[in-house]
Every structure is written in structure tokens, then in C-alpha cells.
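Quick notes on the structure that follows.
Computed from a predicted structure; not experimentally measured. We number each residue from 1, following the sequence as shown.
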Amino acid sequence: MPAETAMPIAQAKAHFSDVLRRVEDGEDVVVTRGVKQEPVAVIISMEKFRAKKERKLGTLAGRMEVVFHDDWHMTDEELLAS
């Protein structure tokens with residue numbers, strides 16, 4: 001699992017070039033806010049952002065079947081993106 005660094009908004013803003021270098025090196029940067037340092041965003045690489053994740057049926061797995069009729073006109077990519 002890649003490293004993860006948390007930093008306040010002000011620090012991320014002041015050292016943005018460094019933040020981008022860390023992200024390019026595979027690190028995830030969690031941007032935090034306030035005294036409690038609550039996470040508000042995560043900066044990740046474009047590679048990770050674009051990675052497709054397998055979608056599963058979850059709690060319905062094995063309990064139902066999905067059937068598409070012959071007149072169905074949607075690509076797999078359109079269905080998964082919806």
C-alpha cells in the first residue's frame with residue numbers, strides 16, 4: 001500500500017510543487033482543515049484516479065441474475081459509468 005501523508009491546507013498550498021512530486025512518487029496526500037485536522041480532500045496520481053475498479057453486485061451476489069434483452073443498446077462502458 002502506498003504511503004499516505006496528511007498536511008494542513010496552508011502547508012499544501014505553500015509547498016504545492018513538493019506535494020505534486022510526492023504524488024508522482026506514489027504517495028497519497030490527505031489535505032486537512034482546522035484545529036482537529038479533519039480530512040477534506042485526497043490528492044492522488046492520475047494513474048490511480050483513472051484506474052478502473054471492478055464493480056460487484058454486493059449483497060445481491062448469487063441471489064439474482066441480470067438479463068439484457070436483444071434490443072438493449074448500451075455499451076458496457078456506458079452501463080458501468082452510469
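- Closest approach of F16 and I43 over heavy atoms only: CE1-CD1, 4.5 Å.
- Between R22 and M7 the shortest side-chain heavy-atom distance falls below 4.5 Å.
- One finds the CG atom of D28 at 7.5 Å from the OG atom of S45 (value rounded to the nearest 0.5 Å).
- Residue D71 places its CG atom among more than 12 non-hydrogen atoms of other residues, nucleotides or ligands, all under 6.0 Å distant.
- Under the side-chain contact (heavy atoms from CB on, under 4.5 Å) criterion, A41 pairs with V31, not counting sequence neighbours.
- Residues I44 and V23 share a closest heavy-atom pair of C-CG1, 3.4 Å.
- Residues satisfying the side-chain contact (heavy atoms from CB on, under 4.5 Å) criterion with T75, sequence neighbours excluded, are E77, E78.
- With sequence neighbours excluded, the residues satisfying side-chain contact (heavy atoms from CB on, under 4.5 Å) with P8 are Q11, T32, Q37.
- A donor-acceptor pair is defined here as one N or O able to donate and one able to accept, closer than 3.5 Å; no such pair exists between the side chain of H15 and the backbone of K13.
- Residues V42 and V40 do not share a hydrophobic cluster, clusters being chains of Ile/Leu/Val/Met/Phe/Trp/Tyr side chains in contact below 4.5 Å.
- Between V30 and P39, the shortest heavy-atom contact is CG1-CB, 3.7 Å.
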